[in-house]
Asks: 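Would you mind keeping the following structure in view while I ask a few things?
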Amino acid sequence: MNPSIMIFKLAKLMHVSVHQIRYFEENGLLPPALTGDNQYRMYGTDEMYRLAHILLLRQLDVAVPQVKRCLEHYIAADDQALLKQSTRTLEQQITDLQVQALQQRIGAIQA
DNA sequence: GTTCTAACA
DNA sequence: TGTTAGGA
């Protein structure tokens with residue numbers, strides 16, 4: 001009964017590509033609310049929130065299969081754990097980049 | 001203009 | 001992930 005929107009509008013709304021939405025569907029992350037006779041996918045508010053959740057996790061570099069598990073049985077602690085893990089990874093990446101920059105400066109001095 | 005599937009880079 | 005094909 002809730003007004004459903006088509007994939008193009010959902011993509012624009014969430015600032016992602018139509019392709020990416022279909023890709024999430026392929027991996028069982030985001031089934032459309034409805035698929036019409038014309039095979040057009042229709043999405044409602046549930047899907048919007050679900051997509052937002054997926055995108056949040058993806059921005060934290062959580063792999064698609066992990067995102068799937070997290071969505072199957074939503075537990076706040078899961079998100080929290082993933083967030084912490086993600087933070088550790090990012091901190092490591094920052095450290096690596098800092099080392100890299102340092103090495104470049106040393107190289108420049110020696111040259 | 002938008003959607004679909006499928007396939008390729 | 002983006003892009004392309006070809007048809008509805």
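In what follows, chains are A, B, ... by sequence order, proteins preceding strands, each numbered from 1.
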Asks: Under 3.5 Å, which protein N or O atoms sit close to an N or O of nucleotides 2-6 of chain B? Give each pair with its distance.
Replies:
unit_1 : atom_1 : unit_2 : atom_2 : d
B:dT3  : OP1    : A:F8   : N      : 2.5
B:dC4  : OP1    : A:R41  : N      : 3.0
B:dC4  : OP1    : A:R41  : NH1    : 2.8
B:dC4  : OP2    : A:R22  : NE     : 3.1
B:dC4  : OP2    : A:R22  : NH2    : 2.4
B:dC4  : O5'    : A:R41  : NH1    : 3.4
B:dT5  : OP1    : A:R41  : NH2    : 3.3
B:dT5  : OP2    : A:R41  : NH1    : 3.0
B:dT5  : OP2    : A:R41  : NH2    : 2.8

Asks: CZ of A:R105 to CD1 of A:I109: how many Å apart, nearest 0.5 Å?
Replies: 8.5 Å
Asks: Within this structure, what is the CD1-NE2 distance for the pair A:I21 and A:H19, rounded to the nearest 0.5 Å?
Replies: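 Rounded to the nearest 0.5 Å, the CD1-NE2 separation comes out at 11.5 Å.
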Asks: Measuring from A:L97:CG to A:Q104:CD, what's the distance to the nearest 0.5 Å?
Replies: 9.5 Å
Asks: Enter the distance from A:Q66:CD to A:L71:CG here, rounded to the nearest 0.5 Å.
Replies: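 A:Q66 atom CD to A:L71 atom CG measures 12.0 Å (nearest 0.5 Å).
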Asks: Do A:V62 and A:V16 belong together in a cluster built from hydrophobic side chains that touch within less than 4.5 Å?
Replies: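 As far as the 4.5 Å side-chain criterion goes, A:V16 and A:V62 are connected within one cluster.
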Asks: From A:L29 CG over to A:L51 CG, what is the distance, rounded to the nearest 0.5 angstrom?
Replies: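 A:L29 CG to A:L51 CG: 10.0 Å, rounded to 0.5 Å.
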Asks: Do any of residues 27-35 of chain A sit with a heavy atom less than 4.0 Å from DNA chain B, and if so which?
Replies: none
Asks: Nearest 0.5 Å, please: how far is OG in A:S4 from CZ in A:R41?
Replies: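 A:R41 CZ to A:S4 OG: 14.0 Å, rounded to 0.5 Å.
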Asks: Using modelled atom types only, decide if a donor and an acceptor are shared between the side chain of A:Q103 and the backbone of A:Q100 within a distance under 3.5 Å.
Replies: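 Judged by distance alone, no pair lies under 3.5 Å.
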Asks: Tell me, what's DNA chain B's dot-bracket, Watson-Crick or G-U with both distances under 3.5 Å, | for other-strand, [ ] crossing?
Replies: .|.|||||.
Asks: Between A:A11 and A:S17, what is the shortest heavy-atom contact and its length?
Replies: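 The answer is CB-C, 4.1 Å.
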Asks: Given atom OH of A:Y23 and atom P of B:dC8, what is their separation to the nearest angstrom?
Replies: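 Between P of B:dC8 and OH of A:Y23: 18 Å.
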Asks: Report yes or no: do A:L55 and A:I7 belong to one cluster of Ile/Leu/Val/Met/Phe/Trp/Tyr joined by side chain heavy-atom distances under 4.5 Å?
Replies: yes
